Enquirer: 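Quick one: the structure is below, and I'll ask about it shortly.
Please read these numbers as outputs of a predicted model, since none were measured by experiment. All ligand and atom numbering here is 1-based and tracks the order in the structure.
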Amino acid sequence: MEIVFATGNKHKAQEAEAILKLANPKVQVLTYSGPEPIESGTTFLENAMIKARAAFEATGQLSFADDSGIACEVMGGAPGIFSAIWSGTRDDATNRNLLLKQLEDIPAEHRAAAFICTIALVGPDEEVSFTGIWPGTISFDVAGDGGFGYDPVFVPEGLEVTAAELEPEVKNSMSHRSMALQQMAEYLARR
Ligand code: ITT
């Protein structure tokens, strides 16, 4: 079964391919990076739906999109849906350095955060969504060179290293994206 993944983010594409290969080997992911629709929604779900609907309309094939980000408790859930452009640029290092600066006076016990990923799946007769939440805390410094985005400043619950210090297979076995895609793979298998 072929399924289109609408994303311009190559890291997301790599992770999704690896996760879905294990979760449902019958699913073949085709990455689509056509004209990006304006993400005018106010939630991960609305933005994921906007991206998935645009891909379905352009390709006519069953399509999914991922809207994701990091939410910090002490910041009321920010950066949230604005994670990719938090500093006003799309540069990962600039974005995570700004977040570290904003939290510099916040003590360890108030640094709770979570990665959130909502996947929207759109086809001719269906519109469904799946969400994964990966809890943890924001570190005081960057560490690790794996992953992307906020991985070097995110310490998953139960671990003492950042997500960027994990092997890709380990991140993909526990991440927010993995939780959401696993649900999508199960949905596709029973459909
Ligand atoms: P597409 O919309 O084209 O898929 P994007 O990067 O613009 O790509 P989003 O609007 O969903 O995607 O923003 C997601 C941002 O959240 C991403 O750029 C990172 O800054 C952050 N993020 C999401 N998942 C992450 C992960 O697994 N590790 C680190 N940062 C992540």
Side-chain angles (χ1 to χ4, degrees), residues 4-19 29-55 58 63-72 75 77-100 102 113-122 129-139 142-156 159 161-182 184:
V4 170
F5 181 19
T7 186
N9 183 321
K10 64 179 192 302
H11 302 284
K12 283 186 183 179
Q14 273 169 0
E15 289 187 4
E17 268 172 44
I19 291 164
V29 180
L30 307 173
T31 304
Y32 168 78
S33 51
E36 287 193 15
I38 296 171
E39 294 183 31
S40 55
T42 56
T43 61
F44 291 112
L45 175 60
E46 283 174 8
N47 285 337
M49 276 295 172
I50 288 169
K51 293 187 271 190
R53 283 180 191 138
S63 301
F64 73 99
D66 161 321
D67 204 61
S68 48
I70 194 153
C72 298
M75 292 170 72
I81 61 167
F82 302 110
S83 295
I85 49 161
W86 189 233
S87 63
T89 78
R90 297 191 70 90
D91 182 66
D92 282 352
T94 312
N95 286 331
R96 63 185 170 245
N97 286 336
L98 174 60
L99 182 63
L100 282 185
Q102 289 169 322
F115 268 131
I116 300 170
C117 173
T118 294
I119 299 283
L121 176 70
V122 174
S129 68
F130 312 92
T131 293
I133 298 177
W134 194 17
T137 54
I138 303 297
S139 58
V142 293
D145 50 20
F148 69 103
Y150 297 87
D151 283 337
V153 298
F154 178 74
V155 178
L159 301 183
V161 293
T162 68
E165 294 177 279
L166 301 175
E167 292 300 326
E169 309 78 60
V170 177
K171 179 185 173 191
N172 288 342
S173 71
M174 59 175 68
S175 74
H176 53 317
R177 181 159 297 106
S178 155
M179 289 179 225
L181 288 172
Q182 201 73 42
M184 184 179 83

Enquirer: Is H11 in contact with ligand 1, taking contact as a heavy-atom separation below 4.0 Å?
Expert: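 No heavy atom of H11 comes that close to ligand 1.
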
Enquirer: Atom 21 (C) of ligand 1: which protein heavy atom is closest, and how many Å away?
Expert: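 For atom 21 (C) of ligand 1, the nearest protein heavy atom is Y150 CD1, 3.9 Å.
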
Enquirer: Only heavy atoms of D151, strictly under 4.0 Å: list the atoms of ligand 1 that pass.
Expert: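 In order of number, 26 (C), 28 (N), 29 (C).
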
Enquirer: What part of H176, side chain, backbone, both or neither, has a heavy atom within less than 4.0 angstrom of ligand 1?
Expert: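 The answer is the side chain of H176.
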
Enquirer: Under 4.0 Å from a heavy atom of G69: which atoms of ligand 1 are those, numbered in the order shown and with their elements?
Expert: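 Per the distance check, 16 (O), 23 (C).
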
Enquirer: Restricting to non-hydrogen atoms, name the atom on N95 and the atom on S87 that form the minimum distance, rounded to 0.1 Å.
Expert: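 Distance-wise, the nearest heavy atoms are OD1-OG, 2.6 Å.
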
Enquirer: Short question: side chain of K51, backbone of T7 - any donor-acceptor pair under 3.5 Å?
Expert: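 Pair absent, no side-chain N/O of K51 close to backbone of T7.
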
Enquirer: Considering non-hydrogen atoms only, spot the tightest contact between A16 and F5 and give its length.
Expert: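 Closest approach of A16 to F5, heavy atoms only: CB-CE2, 3.6 Å.
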
Enquirer: Can you see which heavy atom on L100 is nearest to which on I138, and at what distance?
Expert: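 Smallest interatomic distance, heavy atoms only, reads CD2-CG2, 4.1 Å.
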
Enquirer: Describe, in one word, how the ring planes of W134 and H176 are oriented to each other, choosing from parallel (under 30°), tilted (30 to 60°) and perpendicular (over 60°).
Expert: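 Geometry flag for H176 against W134: parallel rings.
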
Enquirer: To check your reading of the model: name the closest protein heavy atom to atom 10 (O) of ligand 1, its residue, and the distance in Å.
Expert: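 Heavy-atom neighbour on the protein nearest atom 10 (O) of ligand 1: E39 OE1, 3.4 Å.
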
Enquirer: What is the minimum heavy-atom distance between P156 and T162, and which atoms define it?
Expert: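 Reported closest heavy-atom pair: CD-C, 4.2 Å.
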
Enquirer: Among all protein non-hydrogen atoms, which one is nearest to atom 27 (O) of ligand 1, and what is the separation to 0.1 Å?
Expert: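 Answer for atom 27 (O) of ligand 1: K171 NZ, 2.7 Å.
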
Enquirer: For atom 29 (C) of ligand 1, which protein heavy atom lies nearest, and how many Å away is it?
Expert: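 The protein heavy atom lying closest is F148 O, 3.0 Å.
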
Enquirer: Kindly confirm or rule out an N or O of D92 lying under 3.5 angstrom from an N or O of ligand 1.
Expert: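 D92 vs ligand 1: no N/O contact under 3.5 Å.
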
Enquirer: Can you tell me if N95 contacts ligand 1 (heavy atom of the residue under 4.0 Å from the ligand)?
Expert: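 It does not; every heavy atom stays at 4.0 Å or beyond.
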
Enquirer: Distance under 4.0 Å to a non-hydrogen atom of D67: what atoms of ligand 1 satisfy this?
Expert: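 Close to D67: 9 (P), 10 (O), 11 (O).
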
Enquirer: Identify which of P79, S178, A84, G8 has a heavy atom lying nearest to atom 13 (O) of ligand 1.
Expert: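 Answer by nearest heavy atom: A84.
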
Enquirer: Nearest to atom 31 (C) of ligand 1, what protein heavy atom do you find, and at what distance?
Expert: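 Here the nearest protein heavy atom works out to F115 CE2, 3.5 Å.
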
Enquirer: Considering non-hydrogen atoms only, spot the tightest contact between E165 and G144 and give its length.
Expert: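 In this case the closest contact between E165 and G144 is CG-CA, 3.5 Å.
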
Enquirer: Give me the nearest non-hydrogen protein atom to atom 24 (N) of ligand 1 as residue plus atom name, then the distance to 0.1 Å.
Expert: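 Of every protein heavy atom, R177 NH2, 2.9 Å lies nearest to atom 24 (N) of ligand 1.
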
Enquirer: With heavy-atom distances below 4.0 Å as the criterion, list the atoms of ligand 1 near R90.
Expert: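 This gives 5 (P), 6 (O), 7 (O) as the contact atoms.
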
Enquirer: To check your reading of the model: name the closest protein heavy atom to atom 6 (O) of ligand 1, its residue, and the distance in Å.
Expert: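 Going by distance alone, atom 6 (O) of ligand 1 is nearest to N9 ND2, 3.0 Å.
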
Enquirer: Note the single closest protein heavy atom to atom 11 (O) of ligand 1, along with its residue, its atom name and the distance in Å.
Expert: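 I find the closest protein heavy atom is K12 NZ, 2.8 Å.
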
Enquirer: How close do A52 and V122 get, heavy atom to heavy atom, and via which atoms?
Expert: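 Heavy atoms of A52 and V122 come nearest at CB-CG2, 3.7 Å.
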
Enquirer: Show which atoms of ligand 1 fall inside a sub-4.0 Å distance from at least one heavy-atom site of T7.
Expert: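 What qualifies from ligand 1 is 1 (P), 3 (O), 4 (O), 8 (O).
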
Enquirer: Flag the pair S68 / K12 as yes when at least one side-chain heavy-atom distance between them is below 4.5 Å, and no otherwise.
Expert: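 S68 vs K12: side chains touch.
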
Enquirer: Kindly say whether N172 contributes a backbone atom to a donor-acceptor pair with the side chain of R177 at under 3.5 angstrom?
Expert: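 Looks like no, no N/O pair under 3.5 Å.
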
Enquirer: What verdict does the side chain to side chain contact (heavy atoms under 4.5 Å, CB included) test give for Y150 and S83, after you've listed the backbone C-alpha separation in whole Å, the side-chain angles of each residue and the deciding distance to 0.1 Å?
Expert: CA-CA 9 Å; Y150 297 87; S83 295; 3.7 Å; yes

Enquirer: Mind checking whether D66 has a heavy atom under 4.0 Å from ligand 1?
Expert: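 Checking ligand 1 against D66, which is what was asked, there is a heavy-atom contact under 4.0 Å.
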
Enquirer: Check whether any side-chain heavy atom of L166 lies under 4.5 Å from a side-chain heavy atom of L159, and answer yes or no.
Expert: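 In contact.
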
